[in-house]
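Here the structure is a predicted model, which means the values were calculated and not measured.
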Amino acid sequence: MPETMGAKACLICGGTTFVAGPLGRLAANGQPPRCADCGSLKRHRIVRHLYDVLDDRLLAGGKALQFSNDPAAPAERFGSVEISVHGGDNSLDLTAIDRPDGAYDWVIANHVIEHVDDDLAALAEMLRIAGPDGIVKITAPSPSTRLVTTDWGYPDWADHGHYRIYGSDLPFRLASAVPQAHGIQVIGNDDVTGRWDVAYFFTSSVEIANALALCFRVARVPVLAALEYPN
């Protein structure tokens, strides 16, 4: 049955009625996690929380490419958003993206990279099409719950077709793919379920990395680390 969560509202659409998630899943505190109005889950609202604290100058007028069609990114704050759905509309190969260098200001992959056979190549490609001042934003399922990534080298269809389950070493694992790039790990929150998770922002520009970190710190969003990957 739908449940109204008191004064707590969906950060994406403002809805206050929530239902069980996939397979009837509830949050750890017993609350239903899916917004009945827009369909967002905890992970979508956590990401939206992070976008909401970013200065408009980092998004406004920007050209974005998003892998997967989820509601986390605030499309209205970008100049344009292109959606690529694997095996569906505008399907692009993340390991060999058919787009020119620097074609986008933002490249977004929420809960996607764990489905890709070569995640190092995928990140390198996303940074390539983001160009010298672009931003790549990545999330993966709960990397903070384990220390080390386990990669079994094939898609496990019992685990949603994932090639691996990431640990907190995710940014270090990807370091070899991003020479001279900068990575920021931040924690977003979901008021509805009271849960948090980690998101990752990568850029080739130290100025953009610093601007991201400043926005998060001013908003008191925890920045776990600002990482540099020199040659």
Item to complete: Give the C-alpha distance, both sets of side-chain angles, the deciding distance and a yes or no for side-chain contact (heavy atoms from CB on, under 4.5 Å) between Ile138 and Val136.
Response: CA-CA 7 Å; Ile138 291 173; Val136 173; 4.0 Å; yes

Give the minimum heavy-atom separation between [X] and [Y], together with the two atoms involved.
{"X": "Arg164", "Y": "Asp118", "answer": "NH2-N, 4.3 Å"}
{"X": "Ala209", "Y": "Ile184", "answer": "O-CD1, 3.2 Å"}
{"X": "Leu127", "Y": "Ser204", "answer": "CD2-OG, 4.2 Å"}
{"X": "Gln185", "Y": "Val198", "answer": "CB-CG1, 4.3 Å"}
{"X": "Leu50", "Y": "Ile187", "answer": "CD2-O, 3.7 Å"}
{"X": "Cys215", "Y": "Leu54", "answer": "CB-CD2, 3.9 Å"}

Worksheet item: So which pairs with a foot in residues 47-103 pass ring-ring contact (aromatic ring centres under 6.0 Å, His included), sequence neighbours left out?
Response: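 Matches after skipping sequence neighbours: Tyr51-Trp106, Phe78-Trp106.
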
Worksheet item: Should the heavy atoms of other residues, nucleotides or ligands under 6.0 Å from CG of Asp56 be counted, would the total exceed 12?
Response: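 Yes - once you tally the heavy atoms of other residues, nucleotides and ligands closer than 6.0 Å, there are more than 12.
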
Worksheet item: Under the 3.5 angstrom rule, does the side chain of Asn210 hit a backbone N or O of Val206 as a donor-acceptor pair?
Response: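 Pair found, side chain donor or acceptor close to backbone of Val206.
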
Practice prompt. Check whether any side-chain N or O of Arg48 sits under 3.5 Å from a backbone N or O of Ala72 as a donor-acceptor pair, and report yes or no.
Written response: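 Looks like yes, one N/O pair under 3.5 Å.
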
Rounded to the nearest 0.5 Å, what separates atom [atom1] in [X] from atom [atom2] in [Y]?
{"X": "Leu59", "Y": "Asp105", "atom1": "CG", "atom2": "CG", "value": "9.5 Å"}
{"X": "Thr139", "Y": "His111", "atom1": "OG1", "atom2": "NE2", "value": "4.0 Å"}
{"X": "Arg146", "Y": "Ser168", "atom1": "CZ", "atom2": "OG", "value": "9.5 Å"}
{"X": "Thr149", "Y": "Ile165", "atom1": "OG1", "atom2": "CD1", "value": "9.0 Å"}

Worksheet item: Using 4.0 Å as the upper bound for N to carboxylate O, is an ion pair formed by Asp101 and Arg128?
Response: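 Yes, Arg128 and Asp101 are salt-bridged.
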
I'd like to check [X] versus [Y] (side-chain heavy atoms, cut-off strictly below 4.5 Å). Are they in contact?
{"X": "Asn189", "Y": "Ile46", "value": "no"}
{"X": "Leu94", "Y": "Val112", "value": "yes"}
{"X": "Val116", "Y": "Thr95", "value": "yes"}
{"X": "Asp159", "Y": "Trp152", "value": "yes"}
{"X": "Lys8", "Y": "Gln31", "value": "yes"}
{"X": "Glu114", "Y": "Pro141", "value": "yes"}
{"X": "Ile97", "Y": "Met126", "value": "yes"}

Worksheet item: Out of Val107, Ile208, Leu123, which residue meets the side-chain contact (heavy atoms from CB on, under 4.5 Å) rule with Phe202?
Response: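 In the set Val107, Ile208, Leu123, the residue that makes a side-chain contact (heavy atoms from CB on, under 4.5 Å) with Phe202 is Leu123.
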
Worksheet item: Once the angle between the rings of His162 and His115 is folded into 0 to 90°, is it parallel (under 30°), tilted (30 to 60°) or perpendicular (over 60°)?
Response: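 Taking His115 first and then His162, their aromatic rings stand perpendicular (interplane angle over 60°).
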
Worksheet item: For residues 192-203, which residue pairs qualify under side-chain hydrogen bond (donor to acceptor under 3.5 Å, both in side chains), counting only residues two or more places apart or in two chains?
Response: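 Of all non-adjacent pairs touching residues 192-203, those that pass side-chain hydrogen bond (donor to acceptor under 3.5 Å, both in side chains) are Asp190-Thr193.
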
Practice prompt. Would you please name every residue forming a salt bridge (charged side-chain N to carboxylate O under 4.0 Å, His left out) with Arg43, sequence neighbours left out?
Written response: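 Arg43: no salt bridge (charged side-chain N to carboxylate O under 4.0 Å, His left out) contacts found.
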
Check whether [X] and [Y] end up in the same hydrophobic cluster, where Ile, Leu, Val, Met, Phe, Trp and Tyr are linked by side-chain heavy atoms less than 4.5 Å apart.
{"X": "Ile108", "Y": "Phe216", "value": "yes"}
{"X": "Leu214", "Y": "Phe201", "value": "no"}
{"X": "Ile12", "Y": "Ile83", "value": "no"}

Worksheet entry | Any residue meeting side chain to side chain contact (heavy atoms under 4.5 Å, CB included) with Ser80, in chain and number order, not counting sequence neighbours |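 Once residues adjacent in sequence are excluded, the partners of Ser80 under the side chain to side chain contact (heavy atoms under 4.5 Å, CB included) criterion are Lys63.
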
Discussion item. Going by side chain to side chain contact (heavy atoms under 4.5 Å, CB included), name the residues that satisfy it together with Tyr163, two or more places apart in sequence or in a different chain.
Written reply: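 Result, side chain to side chain contact (heavy atoms under 4.5 Å, CB included) vs Tyr163: Asp117, Pro155.
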
Worksheet entry | Under 3.5 Å side-chain donor-acceptor pair for Ser84 and Asn90 |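 No - no donor-acceptor pair under 3.5 Å links their side chains.
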
List the atom pairs, donor and acceptor, that lie under 3.5 Å between side-chain atoms in residues 33-41 and the rest of the protein, sequence neighbours left out.
| residue | atom | partner | partner atom | Å |
| --- | --- | --- | --- | --- |
| Ser40 | OG | Arg45 | NH1 | 3.2 |

Worksheet item: Given Asp151 and Tyr166, is the side chain to side chain donor-acceptor pair (under 3.5 Å) satisfied, shown in steps?
Response: CA-CA 8 Å; Asp151 191 325; Tyr166 285 107; over 6 Å; no

